[in-house]
Each structure stands twice: as C-alpha cells, then as structure tokens.
Engineer: 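Dropping the structure in here first, questions after.
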Amino acid sequence: MFLDFISEVEGLIKAALDRCGYKVEEGVNNLGLDISPHADLASSVAFRLAPTLKKSPVQIAKEIHQAISGDYNYVDHVELTGPYLNFFMNRRFLNTVLEQALADNAWTGRLKEKVIVEHTSANPDGPLHVGHIRNSVIGDTLVRILRREGCTVDAEYYVNDMGRQEAMVVVGCDRFQLDGSKPDHAIAKVYIAANKAMETEPEIRTEADQVIQRYEAGDEETVAKIQSAVKYAIKGIEETLHRMNIRHDSYHWESEFVQSGDVAEIVGLLEKTGLTEWEEGAFQLDLSQHGFEKKMVLKRANGTSLYITRDLAYHRWKSENSDRSVDILGADHKLVSGQLRTALRLLGIREPEVVIFEFVSLPTGSMSTRKGKFISADELLDEVESRAYEEVSMRRPEEDEAFRRKVAKQVAAGAVRYDVVRVSADKATMFDWKQALDFEKLSAPFIQYSHARACSILRKGEGAKPFQADLLTGENEIALIKMIAQFDLVIDRAARELKPHHLATYARELAESFNLFYRYSPVLDAPPELRDARMALARAARNALRTTLETLGIDALETM
RNA sequence: GGGCGCGUGGCCUAGUCAGGAUAAGGCGGCAGCCUCCUAAGCUGUAGAUCGGGGGUUCGAAUCCCCCCGCGCCCGCCA
C-alpha cells in the first residue's frame with residue numbers, strides 16, 4: 001500500500017516540476033523522498049535544484065508547492081515547511097489499507113520470476129553449528145521474502161560429496177564406529193577422530209586422496225560408502241533445519257556434474273577462452289586481467305576435479321533453470337565467488353547474485369568442525385527451548401505439559417531465527433548466550449506475543465462485521481494503520497537489496513505499534529460502534545503480524 | 001604485505017547503498033504502571049567527540065582521501 005502512496009507523490013512532484021519548467025537529474029530517489037517524523041513522506045528536492053537554478057531552496061520549494069495540482073487520491077494535503085515539501089495521507093488511504101489488510105489475499109507481491117536460492121550447503125561432515133545457521137536463516141528468510149513478492153522460488157542445498165572432508169569422513173568410518181547418536185553428530189565424531197589421528201599417522205592423508213580418486217573414477221564400493229555417509233549426515237542436518245522451519249526443495253550433489261560430463265565440458269569451454277595453461281602438471285585459468293592475482297586451478301595434477309569447477313557446472317545449470325539465482329555464502333567465500341563469477345562471465349553464463357555474511361565467532365575464537373570446536377545448532381535450540389519452557393511454565397502454570405512443550409518449541413525456533421536475522425549480514429558477530437536467551441523486546445517472542453494478544457482480543461469478540469473505519473482517529477490507531485501500510489515497502493526493499501534484516505526491524509516496529517494500540521485503545525470495552533472499528537483494526541494488525549512472522553519463518557502463536 | 005568487510009552511549013544493534021529538518025531501538029542502571037482485552041507488555045529518566053584526521057557540499061553517521069583497530073581471504077581445501 002505504501003508503494004501506491006509513494007507513486008502518487010512522485011507523480012505529483014514530477015507534474016509540478018514540469019509545470020515550473022524544472023528538471024532533476026535521473027537517479028534513484030532523485031526527488032529526495034523520505035519517510036520522516038515531520039510528514040508521511042517528505043521531499044527535499046528543492047535543495048537539489050538550488051545550485052542549477054541559482055535560487056534559494058525555500059523559494060524553489062514554494063514554487064513547486066504552488067504548482068502541485070490538487071487532484072489527490074491518497075494524498076490529503078501538502079505542507080510547505082521551509083525548503084521541505086511534506087505530504088500527508090488522507091482518510092481514504094488509511095481506510096484502504098485497513099480494507100486490504102483484512103482481505104484474504106493481502107500482500108501478494110508484484111514479481112513473477114523463477115528464482116533459485118542456494119543456502120546452507122554445509123559439508124556433510126558434522127552438525128550445523130551457530131555459524132552455519134546464519135546462512136540457513138538468511139537464506140530461508142530470503143526464500144520467504146521472494147515468495148511473498150510473488151516469485152517462484154526453489155530452495156536448493158548443494159551437497160559437497162566430492163571434497164577431501166568427505167573422504168576423511170569415510171576414512172573415519174572405516175577406523176572408528178558411528179556411535180548411534182544423532183546422525184550428523186555421530187559423523188562429526190568420526191571425522192574429528194580421523195583428523196586427530198592424522199597428526200600421528202600421516203598416511204591417512206594418502207588414504208583420503210585415494211578415496212577421492214576412486215570416487216571420481218566411480219569405484220562402486222567407494223561410491224556406496226561416501227553416499228551412505230553423506231545421506232546419513234544430511235538426515236541429521238535436515239532434522240535440525242526442520243526445527244527452525246527450514247526446508248529445501250531440492251538437493252544437488254557435486255558428483256552429478258562430474259558424472260554427467262558437465263564439469264569436463266566447462267573446462268573445455270574455458271580452454272577456448274585462451275586464458276588457460278598447464279603449470280606444474282595442473283590445468284589453470286589466468287584471471288589476472290580481471291583483477292585476480294592467483295590463477296584458478298581447474299584440474300589437479302592427478303586429474304581429479306576441484307570444488308570450483310564443479311561449482312561452475314552447477315551454476316551453469318542454475319542459470320539455465322531460473323530467471324535469477326542467489327547464493328548465500330560466508331565471508332570466507334568472497335574471493336572464490338568473485339573468481340567464479342568472472343569465469344561465468346567469460347563463458348557468457350548469467351552470474352548469481354551473491355549474499356555474503358560475515359563470521360559468527362565464539363569468545364574463544366572462530367569455529368571449526370574439523371577441530372570439534374563449535375556450538376551446534378541443536379545445542380543452541382535445546383538450551384533456548386528449555387529456557388522458553390521455564391518461562392511459559394511460570395506464565396501459564398494452568399496449562400498442561402503438551403501446551404507448554406509446544407509453545408517452548410515454537411518460541412525457541414523463533415527466538416533463534418530472530419536473533420540471527422535481525423543483524424545485518426555484513427556485520428561480524430560474537431555468539432552471546434545471554435542475548436540468544438533474552439526473550440524481551442528485541443526478540444521473536446516479543447513479536448509473537450503481540451500477535452497472541454491480538455488473537456486473544458479476536459477470540460473474545462465477535463467475528464468480522466461491518467464497521468466505520470473513520471472512527472479510528474486516535475494517535476495510536478492511525479500510527480498502527482500507517483505501520484501496517486509499510487509492509488509492502490519493506491518486502492520490496494528487502495527483496496530488492498536481498499537484506500532480510502530490514503524485515504526483522506519492521507517486525508519489531510509493527511509489534512511496538514500494536515502494543516501501544518493495545519495499551520491505549522481498549523477494544524472490547526469500547527462503545528459499540530468504536531468497538532467494531534477497533535475489532536477490525538485488531539484483525540488487520542493480527543493479519544499483518546501473522547504475515548510478517550510467517551515471512552520471517554517464525555510461528556505465529558495464537559496463545560502463549 | 002595486498003584485497004574485501006566492519007567500527008554508532010557501559011554492552012548489542014538500526015540508520016550509511018540513494019547526504020537533508022532534534023542520531024533510533026534493545027540490554028544493563030535508576031524511577032513508576034497489573035480491581036484494566038495475556039506485565040514475554042507499557043511509561044519516565046540518565047547515558048553518544050557516530051574509531052581519528054583531512055576534504056567535497058548550503059548541509060556529512062551517510063560521499064572521497066589518509067591513518068588506527070577488529071574480522072575474513074590471499075591452497076592442486078571446501
């Protein structure tokens with residue numbers, strides 16, 4: 001809805017500029033529009049015109065203001081405040097927002113593209129840890145945001161089954177026993193043990209190399225061993241992802257692209273660029289003309305393929321099977337993903353849009369699966385869930401065990417997701433138990449609670465019935481409607497910039513806005529007509545909160 | 001050493017891409033609000049040289065340059 005208001009204001013200003021004979025340079029937000037405490041939408045365009053027109057911004061703003069036509073749809077009036085043009089929404093706009101938020105098909109989005117989002121793709125050598133889930137949460141939230149925008153999205157997991165780490169898992173399985181614990185954790189134990197053993201038995205390295213070669217050559221016994229280990233680990237990883245409402249639509253294994261011949265084909269195509277050469281037995285691509293100092297190795301001296309070439313083949317497949325593809329990658333992949341994109345460009349293949357997130361570290365340093373130095377996502381979820389259980393038991397002692405367990409699970413999953421997604425991806429973070437276990441304002445439970453309160457009112461009142469939206473004139477009521485209106489703007493921005501944290505910020509603001517309404521505008525005790533109008537607003541807010549939470553992948557509890 | 005990213009009250013973060021009217025939240029501190037639709041809530045209060053220095057501009061947390069600090073990368077690993 002807010003996007004419609006912005007479009008109207010843009011039209012009014014452009015028409016007024018034409019009338020005055022003024023021109024602004026083309027560019028994003030060249031009209032200087034901004035949501036501001038002084039107006040629903042403010043324009044500082046007069047400042048931009050001042051240097052060329054050699055007039056004061058105040059004078060220019062005055063002229064534009066006089067030239068603005070009074071033909072409004074959603075605009076109520078335009079105020080001239082010094083050099084600023086302040087636009088205000090009319091009642092009709094507020095009422096339309098309410099009406100749309102009450103409709104079943106509210107917020108359907110404007111895009112239609114087919115998008116592939118690849119996220120998580122953690123090596124199947126152990127459980128997801130608190131660093132991996134930053135990838136999963138950002139990725140899954142983007143999947144949901146793009147779907148909300150109308151895109152058809154395929155969430156994909158790229159399985160690294162051909163790497164050295166998987167060979168080490170197989171070596172580990174040969175030497176040690178899987179102990180029957182959760183599959184991904186069991187795999188991690190033998191993987192860590194194999195790495196530890198390698199310190200005193202260097203021949204393990206050779207053993208792993210042989211596994212890689214045999215696997216690439218299609219040796220049956222090796223194929224069976226690797227694939228069963230990979231599937232076993234993935235089973236555990238999926239289970240963890242499901243606890244956080246994260247599901248992939250499809251899995252692609254690296255080996256697919258080697259077996260299909262795609263990798264060999266890609267290497268052949270790169271050879272035709274004339275930038276390749278054999279050096280010390282390995283086949284390499286020189287990207288120095290493109291700003292990369294190091295050559296990109298396409299084939300090892302022993303003939304086996306590398307992650308990067310397999311990844312090139314996968315990316316070609318993705319670009320052929322989508323309109324857009326998005327990769328979620330940790331900061332350690334910055335350089336490689338740059339090389340990958342350059343190589344794709346050389347081949348005329350559409351490049352992926354890459355979302356990089358910075359590292360999550362522990363107070364003791366960065367995490368490592370290989371060294372067994374990490375806090376697993378399961379550990380985190382268990383801990384948060386038990387804290388949530390205490391909390392709900394204290395608040396709702398009359399409810400039974402099943403209720404409290406269920407609420408604790410949903411609160412925990414939400415709390416973990418929110419704690420991750422609220423921070424901008426390009427900020428390195430330090431994992432903090434205190435913050436992860438805090439269920440107050442800057443958290444999912446705060447938003448879930450607002451939603452539950454709205455549901456509580458709706459449960460106690462009557463169902464939907466006619467109401468007079470014009471009665472909603474209180475400061476908090478209007479502020480809440482305006483906040484609901486911003487949903488489309490926020491989704492649009494988050495989808496365009498691929499920044500899910502904008503939605504997290506919005507969710508908090510929406511909940512805050514609802515809480516003020518809840519506190520200062522009694523619904524059930526209001527006089528009949530006002531009560532009906534406030535019921536409608538509570539319902540609209542419930543819908544907005546529910547949709548926001550769903551888009552964040554957080555369960556919208558009706559009671560908690 | 002080079003490349004990329006980050007630096008905002010005691011702590012954590014939004015705002016930076018697209019410069020604009022008093023720098024916005026949370027945690028922690030202090031002081032209040034449950035005969036009132038769930039207090040996982042609400043209100044008030046104290047607390048900020050927006051890492052430092054230069055520059056561009058009518059105007060800089062935001063753009064440019066230099067410096068400092070932190071993170072990540074610079075493998076025939078992934």
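All heavy atoms count here, side chains included; hydrogens, waters and symmetry mates do not. Just so we're on the same page: letters track the sequence lines, and every chain starts at 1.
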Engineer: How many whole angstroms separate atom OH of A:Tyr215 from atom C1' of B:C77?
Structural biologist: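 About 17 Å, once rounded to whole Å.
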Engineer: Sugar-phosphate means primed atoms, P, OP1 and OP2; the rest is base. With that split, encode nucleotides 41-47 of chain B 5' to 3' as B, S or - using protein heavy atoms under 4.0 Å.
Structural biologist: SSS----
Engineer: Measure up the A:Trp433 and A:Phe431 rings against each other and bin them: parallel (under 30°), tilted (30 to 60°), perpendicular (over 60°).
Structural biologist: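 Geometry flag for A:Phe431 against A:Trp433: perpendicular rings.
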Engineer: Measure across A:Glu118 and A:Tyr314 and return the closest heavy-atom pair with its distance rounded to 0.1 Å.
Structural biologist: OE1-CE2, 3.4 Å
Engineer: Could you check whether any side-chain heavy atom of A:Lys334 comes within less than 4.5 Å of a side-chain heavy atom of A:Glu358, counting everything from C-beta outward?
Structural biologist: yes
Engineer: On the nucleotide B:C77, are OP1 or OP2 found under 4.0 Å from the side-chain N or O atoms that A:Arg300 carries?
Structural biologist: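 For B:C77, OP1 or OP2 has a side-chain N or O of A:Arg300 closer than 4.0 Å.
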Engineer: Given B:C37, B:G71, B:C27, which nucleotide is nearest the side-chain atoms of A:Lys460?
Structural biologist: B:C37
Engineer: Report the distance from atom CD of A:Gln435 to atom P of B:G25, rounded to the nearest whole Å.
Structural biologist: 18 Å
Engineer: Taking OP1 and OP2 of B:C77, is either one under 4.0 Å from a side-chain nitrogen or oxygen of A:Arg164?
Structural biologist: yes
Engineer: At 4.0 Å (heavy atoms only), tell me whether A:Ser521 reaches a base, stays on the sugar-phosphate, or touches nothing.
Structural biologist: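 A:Ser521: base contact, heavy atoms under 4.0 Å.
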Engineer: Reading RNA chain B from 5' onward, which residue's closest nucleotide shows up sooner: A:Ser36 or A:Glu280?
Structural biologist: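 Closest to the 5' end, via its nearest nucleotide, is A:Ser36.
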Engineer: On RNA chain B, check which nucleotide each of A:Asp34 and A:Thr559 is closest to and give me the residue with the more 5' one.
Structural biologist: A:Asp34
Engineer: How is the base pairing of RNA chain B summarised as a dot-bracket string, given the Watson-Crick and G-U wobble criteria with both distances under 3.5 Å, [ ] for crossing and | for another strand?
Structural biologist: (((((((..((((......[...)))).(((((.......))))).....(((((..]....))))))))))))....
Engineer: Starting at CG of A:Asn29 and ending at P of B:C17, how long is that distance when rounded to a whole Å?
Structural biologist: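 Going from A:Asn29 (CG) to B:C17 (P), I get 10 Å.
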Engineer: Rounded to the Å, how far apart are A:Tyr307 OH and B:G75 C1'?
Structural biologist: 15 Å
Engineer: Report yes if a side-chain nitrogen or oxygen of A:Lys427 is closer than 4.0 Å to either non-bridging phosphate oxygen (OP1 or OP2) of B:A14; otherwise report no.
Structural biologist: yes
Engineer: Is the terminal nitrogen or CZ of A:Arg508 (NZ for Lys, CZ for Arg) located under 6.0 angstrom from the six-membered ring centre of A:Phe446 and within 45° of that ring's axis?
Structural biologist: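 No, A:Arg508 does not sit over the ring of A:Phe446.
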Engineer: Donor-acceptor pair under 3.5 Å: do we get one between A:Gln165's side chain and the base of B:C77?
Structural biologist: no
Engineer: Just how far, in rounded Å, is C1' of B:G26 from CG of A:Asp438?
Structural biologist: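 After rounding, the gap between these two atoms is 8 Å.
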Engineer: OP1 or OP2 of B:C72 versus the side-chain N and O atoms of A:His333: is any pair under 4.0 Å?
Structural biologist: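 It does not, given that no N or O in the side chain of A:His333 lies less than 4.0 Å from OP1 or OP2 of B:C72.
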Engineer: Just by distance, with hydrogens left out, do A:Tyr518 and A:Asn476 show a side-chain donor and acceptor under 3.5 Å apart?
Structural biologist: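 No, because no side-chain N or O of A:Tyr518 sits under 3.5 Å from a partner of the opposite role on A:Asn476.
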Engineer: Is the phosphate of B:C27, meaning OP1 or OP2, less than 4.0 Å from a side-chain N or O of A:Arg422?
Structural biologist: no
Engineer: Can A:Tyr84 be called stacked on B:A21 when the rule is centres closer than 5.5 Å and an angle between planes below 30°?
Structural biologist: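 Yes.
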Engineer: Identify whether any heavy atom of A:Asp125 sits under 4.0 Å from a base atom; if not, whether one sits that close to sugar-phosphate; answer base, sugar-phosphate or nothing.
Structural biologist: nothing
Engineer: Does a nitrogen or oxygen in the side chain of A:Arg310 sit under 4.0 Å from OP1 or OP2 of B:A78?
Structural biologist: yes
Engineer: Per the side chain to side chain donor-acceptor pair (under 3.5 Å) rule, what does the pair list look like for residues 34-47 of chain A, sequence neighbours excluded?
Structural biologist: A:Asp40-A:Lys482
